[in-house]
*Asks:* 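Below is one structure. I have some questions about it.
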Amino acid sequence: MNVSNSKAFREGIKDGIPIGIGYFAVAFALGVAARDAGLSPAQGFAASILCLASAGEYAGFTVIAASAPMVEMVLITLIINARYLLMSTAISQKLSPGIHPLHRLGVAYFITDEIFAVEVRQKGDLNPFYTYGAGAVAAPLWAAGTALGILVGNLMPARLVSALSVALFGMFLAVIIPPARKDKVILGLVTVSFAASYAFSRLPYLKDLSSGNRIILLTIGLAAAAAILFPHPSDEETPSASAGDSL
């Protein structure tokens with residue numbers, strides 16, 4: 001590992017620590033659902049290390065508990081986790097064009113909502129070792145939280161388990177608030193996204209969609225509107241630059 005990769009890996013670990021702590025708390029509550037589905041701590045650990053998705057895992061555990069067919073589990077997990085297709089597409093644009101395919105697979109494996117959020121904040125091309133550093137902390141804590149939740153989760157008061165599940169949302173706010181304070185456009189988009197998300201959960205027909213599909217619709221709609229209404233300055237040729245080129 002060269003100096004640049006080593007530095008990126010350390011930065012990833014630094015940013016991955018708060019994500020991992022939030023994951024551990026949420027996965028602890030998820031472990032209760034896994035235990036109700038009949039999974040052992042080892043099985044819960046394996047499920048979480050192979051599927052870094054809280055909603056997808058919860059749906060999978062629910063299907064297992066209901067003794068539903070395997071095909072139903074595959075379909076419901078695919079639908080709920082469909083938003084990661086959009087995230088993968090976005091992150092692929094931040095990777096160097098000549099990057100090895102194995103690095104692309106490695107980065108894709110670690111894509112989660114929170115890791116995606118810290119990845120897109122990186123300036124320039126995304127170094128895959130940054131993702132590996134963040135994932136090296138977040139993924140094991142996510143899996144360990146699930147296993148521990150299976151072991152002792154049901155022994156804890158329900159209020160405490162519910163409180164732990166809020167930790168991830170607080171951590172996600174910590175990711176989006178700093179840039180929102182610096183940029184009014186981002187602040188406006190965040191506010192609109194909150195309002196739209198609430199509306200989608202209440203409006204007829206839209207509320208019947210899965211949370212994953214609602215997220216996909218909101219992401220595409222808001223991202224397209226933001227790109228049209230507030231294009232990034234670097235994507236446009238400024239008058240001063242054109243004048244300078246003509247001299």
*Asks:* Once rounded to the nearest 0.5 Å, what's the spacing between atom CZ of F9 and atom NZ of K14?
*Replies:* 15.5 Å

*Asks:* Do the side chains of Y84 and N81 get nearer than 4.5 Å, heavy atoms only?
*Replies:* yes

*Asks:* In the structure I gave you, are the side-chain heavy atoms of T191 and L187 within less than 4.5 Å of one another anywhere?
*Replies:* yes

*Asks:* Between the side chain of T89 and the main-chain N/O of L85, is any donor-acceptor distance below 3.5 Å?
*Replies:* yes

*Asks:* May I ask you to test the D113-M87 pair for a side-chain heavy-atom distance under 4.5 Å?
*Replies:* yes

*Asks:* Return yes if a side-chain donor-acceptor contact under 3.5 Å exists between S54 and Y23, otherwise no.
*Replies:* no

*Asks:* May I have the step-by-step check of side-chain contact (heavy atoms from CB on, under 4.5 Å) for L30 and Y58, ending in yes or no?
*Replies:* CA-CA 7 Å; L30 182 66; Y58 184 80; 3.8 Å; yes

*Asks:* Return the CE to CG distance between M70 and L75, rounded to the nearest 0.5 Å.
*Replies:* 12.0 Å

*Asks:* Which heavy atom in V63 sits nearest to a heavy atom in M73, and how many Å separate them?
*Replies:* CG1-CB, 3.9 Å

*Asks:* Sort and list the pairs that fulfil ring-ring contact (aromatic ring centres under 6.0 Å, His included) and have at least one residue in residues 105-124, not counting sequence neighbours.
*Replies:* none

*Asks:* Going by side chain to side chain donor-acceptor pair (under 3.5 Å), name the residues that satisfy it together with Y132, two or more places apart in sequence or in a different chain.
*Replies:* H103

*Asks:* Quick one: do I186 and L189 satisfy side-chain contact (heavy atoms from CB on, under 4.5 Å)? Show the steps, please.
*Replies:* CA-CA 5 Å; I186 295 178; L189 289 172; 5.5 Å; no

*Asks:* Run the side-chain contact (heavy atoms from CB on, under 4.5 Å) check on S193 and L218 step by step: do they pass?
*Replies:* CA-CA 7 Å; S193 68; L218 287 170; over 6 Å; no

*Asks:* Dump the intermediate steps for side-chain contact (heavy atoms from CB on, under 4.5 Å) on I19 and V137, then the final yes or no.
*Replies:* CA-CA 8 Å; I19 294 177; V137 178; over 6 Å; no

*Asks:* Check whether K94 reaches the backbone of Q122 with its side chain - one donor and one acceptor, N or O, closer than 3.5 Å.
*Replies:* yes

*Asks:* Find out whether L126 and T131 are in side-chain contact, i.e. whether some heavy atom of one side chain is under 4.5 Å from a heavy atom of the other.
*Replies:* yes

*Asks:* Do we see a donor-acceptor contact under 3.5 Å between the side chains of E119 and Y130?
*Replies:* no

*Asks:* With rounding to the nearest 0.5 angstrom, report the NZ to CZ distance, K184 to F230.
*Replies:* 12.5 Å

*Asks:* Taking only distance into account, with no hydrogens and no angle test, what donor-acceptor pairs under 3.5 Å do side-chain atoms of residues 42-53 form with protein atoms, sequence neighbours excluded?
*Replies:*
unit_1, atom_1, unit_2, atom_2, d
Q43, OE1, S40, N, 2.9
Q43, OE1, S40, OG, 3.4
S48, OG, G44, O, 3.4
S48, OG, E57, OE1, 2.7
S48, OG, E57, OE2, 3.3
S48, OG, T146, OG1, 2.6

*Asks:* Rounded to the nearest 0.5 Å, what separation is found between the CD1 atom of I111 and the OG atom of S88?
*Replies:* 3.5 Å

*Asks:* Closest approach of V120 and A117, non-hydrogen atoms and distance?
*Replies:* CG2-O, 3.1 Å

*Asks:* Which heavy atom in T112 sits nearest to a heavy atom in I115, and how many Å separate them?
*Replies:* OG1-N, 3.2 Å

*Asks:* Can a donor-acceptor pair be found, under 3.5 Å and without considering hydrogens, that links the side chain of K207 to the backbone of F200?
*Replies:* no

*Asks:* Please report the interatomic distance OG(S197) to CG(L217), rounded to the nearest 0.5 Å.
*Replies:* 11.5 Å

